[in-house]
Amino acid sequence: MKTQERTQRDGTTTVEDMRAIVRDTYGGPEVTRLDRVSRPEIKGDDVLVRVRAAGVDRGILHMMTGLPYLGRLAFGLRKPRERVLGLDLAGVVEAVGPKVTRFAVGDAVYGSGRGSYAEYAVASEGRLAAKPAALSFEQAAAVPVSAVTALQGLRAGRIGEGQKVLVTGASGGVGSYTVQLAKAFGAQVTGACSTGKVEFVRGLGADSVIDYTREDFAATGPYDLILDIAGNPPISRLRRALTPTGTAVITGGEGGGKLAGGLHRQLGATALSPFIRQRLTTFLGLVRAAELQDLAPLIQAGKIAPALDRTFMLAEAQDALRFLEDGKVSGKVVLTV
């Protein structure tokens, strides 16, 4: 589909534009701004979505700052490859490419797209699903990246009923879903977080909560499964908290230097795993329609729910990004478009 045009009173045509959050260089929230850009074009299996809300997560901070530097292989070496920020979205289908078979104009959808901090964004059909009726657009926009990452992490850890599970970073976007999903799968869940977020994590359904500023999680085990989502604990510390045959799944992880971030821990863990009884693993999170569809019945049944900390208007994107960057968020932040 070609970029849409509109006819002016004088008979000339102009390319339709839209409001979007853009940046031309890497840096903090201050490099972003609200601007007007051309609406994206679609082709093949692309879906043009009229964005109603867009999620804000830590992955966006990495795309914004270009850190760790290794990420620039995907984001753009010297400057951002994509000017418009944003991945998570929820909205209404505006147009579809010729190969799209699952959606039609007017359908309410959610998923992951390109440049979702805008009035319109493009998403591949394979990264979208029908929006659960139980969720508002703002709630739905808080689901895709974080909830799918949580689901994939638990599956990578081979979650089982009755297991004793520890979730580090339990108050964050991914962590808040991991706690809820682990409970839905029948596990006994302990969440680790900072002092001010203990009650929040308890409210997610965690059986017990560790304030990591006062207590070492490695001394509270042993656990059958650890989802290491936040911080940068040494592999040896994770192993001390596991049963002799337990599993640790390492995802995300801040710190670790500007070059590779926490990747060194993931690589080290997977290299060590074949030589020990414990299982140390990681995975590459990717939003796909299949996982979004798997989450839908759990959402409809009320077994998991987005924990929205705060919503911001699109023009307030700098404030939203700074709020997340400062570590103040419990659960998720969303932009209303």
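Residue numbers start at 1 and run along the sequence shown. The shown structure was predicted, so the numbers you read here are calculated from the model rather than taken from an experiment.
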Using a cut-off of 6.0 Å, state whether more than 12 heavy atoms not belonging to Leu284 lie near its atom CG.
no
What pair of heavy atoms forms the shortest contact from Leu48 to Pro40, and how long is it?
CD1-CG, 3.8 Å
Gln278 (side chain) donor-acceptor with Arg239 (main chain) under 3.5 angstrom
yes
Shared ILVMFWY cluster between Leu308 and Leu321, side chains joined below 4.5 angstrom?
no
Could you grab the distance from atom CD1 of Ile210 to atom CZ of Phe217, nearest 0.5 Å is fine?
8.0 Å
Tyr117 and Ile60 have their tightest heavy-atom pair at OH-CG1, 3.5 Å
Is it possible for you to say whether Leu292 and Val145 belong to one hydrophobic cluster, with membership spreading through side-chain heavy-atom contacts below 4.5 Å?
yes
Pair Arg102 + Asp45: basic N to acidic O under 4.0 Å:
no
Partner set under salt bridge (Lys or Arg N to Asp or Glu O under 4.0 Å) for Asp309, not counting sequence neighbours:
none
Does one hydrophobic cluster hold both Ile21 and Phe137, with members joined at side-chain heavy-atom distances below 4.5 Å?
no
Would Met63 and Leu87 count as a side chain to side chain contact (heavy atoms under 4.5 Å, CB included) if you check the C-alpha gap in whole Å, the side-chain angles of each, and the deciding distance to 0.1 Å?
CA-CA 10 Å; Met63 295 175 67; Leu87 295 173; 4.0 Å; yes
In terms of side-chain geometry, is the basic nitrogen of Arg114 or Asp46 positioned less than 4.0 Å from the acidic oxygen of its partner?
yes
Would you say Gln300's side chain and Ala134's backbone share a donor-acceptor pair under 3.5 angstrom?
yes
Would you check, one step at a time, whether the test side chain to side chain contact (heavy atoms under 4.5 Å, CB included) holds for Leu181 with Leu295?
CA-CA 9 Å; Leu181 283 167; Leu295 290 166; 4.1 Å; yes
With rounding to the nearest 0.5 Å, note down the distance linking CG in Leu85 to OG1 in Thr32.
7.0 Å
Taking a hydrophobic cluster as the set of Ile, Leu, Val, Met, Phe, Trp and Tyr residues connected by side-chain heavy atoms closer than 4.5 Å, whether directly or through intermediates, do Val333 and Leu314 fall within one such cluster?
yes
Run the numbers on Leu242 and Leu166 for side chain to side chain contact (heavy atoms under 4.5 Å, CB included), then give the verdict.
CA-CA 9 Å; Leu242 284 173; Leu166 171 67; over 6 Å; no
Counting only N and O atoms by type, is there a donor-acceptor contact under 3.5 Å from the side chain of Glu291 to the main-chain atoms of Val287?
no
Gly115 backbone acceptor or donor facing Glu82 side chain under 3.5 Å
no
Side chain to side chain, Val122 and Lys43, heavy atoms closer than 4.5 Å:
no
Is the NZ or CZ atom of Arg52 both under 6.0 Å from the centre of the six-membered ring of Tyr110 and within 45° of that ring's axis?
no
Could you go step by step and tell me if Ser208 and Thr190 meet the side-chain hydrogen bond (donor to acceptor under 3.5 Å, both in side chains) rule?
CA-CA 5 Å; Ser208 59; Thr190 297; 2.7 Å; yes
Within-4.5 Å side-chain heavy-atom neighbours: Pro297 and Lys303:
no
Backbone of Arg39 reached by a side-chain donor or acceptor of Glu16 within 3.5 Å:
no
Side chain to side chain contact (heavy atoms under 4.5 Å, CB included) evaluation trace for Arg19 with Arg36
CA-CA 5 Å; Arg19 296 182 306 140; Arg36 300 202 72 90; 3.3 Å; yes
Which residue, Leu238, Ile235, Val249, forms the side-chain contact (heavy atoms from CB on, under 4.5 Å) with Leu280?
Ile235
Going by atom types alone, do Thr336 and Thr311 pair a side-chain donor with an acceptor below 3.5 Å?
no
Heavy-atom side-chain contact between Tyr177 and Val143 under 4.5 Å
yes
Measure the spacing between CG of Leu34 and CE of Met313 and express it to the nearest 0.5 Å.
10.5 Å
Do any N or O atoms from the side chain of Gln180 and from the backbone of Ala305 form a donor-acceptor pair under 3.5 angstrom?
yes
Nearest 0.5 Å please: distance from the CZ atom of Arg277 over to the OG1 atom of Thr243.
8.5 Å
Give a yes or no answer on whether the side chain of Tyr26 reaches the backbone of Gly76 with a donor-acceptor pair at less than 3.5 Å.
yes
What heavy-atom pair brings Lys131 and Ala140 nearest, and what distance separates the two atoms?
CG-CB, 3.7 Å
Which salt bridge (Lys or Arg N to Asp or Glu O under 4.0 Å) pairs, counting each pair once, include a residue from residues 147-169, with sequence neighbours left out?
Arg155-Asp294
Within the structure provided, determine whether Leu324 and Leu61 are in side-chain contact (heavy-atom separation under 4.5 Å).
yes
Shortest non-hydrogen contact from Ser116 toward Ala54:
O-CB, 3.5 Å
I'd like to know if Arg322 and Glu325 make a salt bridge, using a cut-off of under 4.0 Å between side-chain N and carboxylate O.
no
Can a side-chain donor-acceptor contact be found between Ser330 and Ser171 if the only test is distance below 3.5 angstrom?
no
Compare every heavy atom of Ala187 with every heavy atom of Asp207, then report the nearest pair and how far apart it is.
OD2-O, 4.0 Å
Work out which heavy atom in Ser112 is nearest to a heavy atom in Leu128; give both atom names and the distance.
N-CD2, 4.4 Å
I'd like to know if Glu94 and Arg50 make a salt bridge, using a cut-off of under 4.0 Å between side-chain N and carboxylate O.
no
Short question: side chain of Thr270, backbone of Gln266 - any donor-acceptor pair under 3.5 Å?
yes
Which distance, rounded to the nearest 0.5 Å, do you find between the CD1 of Ile250 and the OG1 of Thr282?
6.5 Å
For Ala53, does its backbone N or O pair with a side-chain atom of Glu138 as donor and acceptor, under 3.5 Å?
no
For Leu154, run the side-chain contact (heavy atoms from CB on, under 4.5 Å) check against Leu225, Thr149, Val167 and tell me which one passes.
Leu225
Flag yes if Val56 and Phe312 sit in one hydrophobic cluster, no otherwise; membership is Ile, Leu, Val, Met, Phe, Trp, Tyr, and two members link when side-chain heavy atoms are under 4.5 Å apart.
yes
Side-chain touch Val209/Glu199, heavy atoms, less than 4.5 angstrom:
no
Find the distance between NZ (Lys183) and CD (Gln188) and round it off to the nearest 0.5 Å.
7.5 Å
Got Asp35 and Arg83 here, is their nearest side-chain heavy-atom distance under 4.5 Å?
yes
4.5 Å side-chain heavy-atom contact, Val37 and Met18:
yes
Does Val174 reach the side chain of Ser146, with side-chain heavy atoms less than 4.5 Å apart?
yes
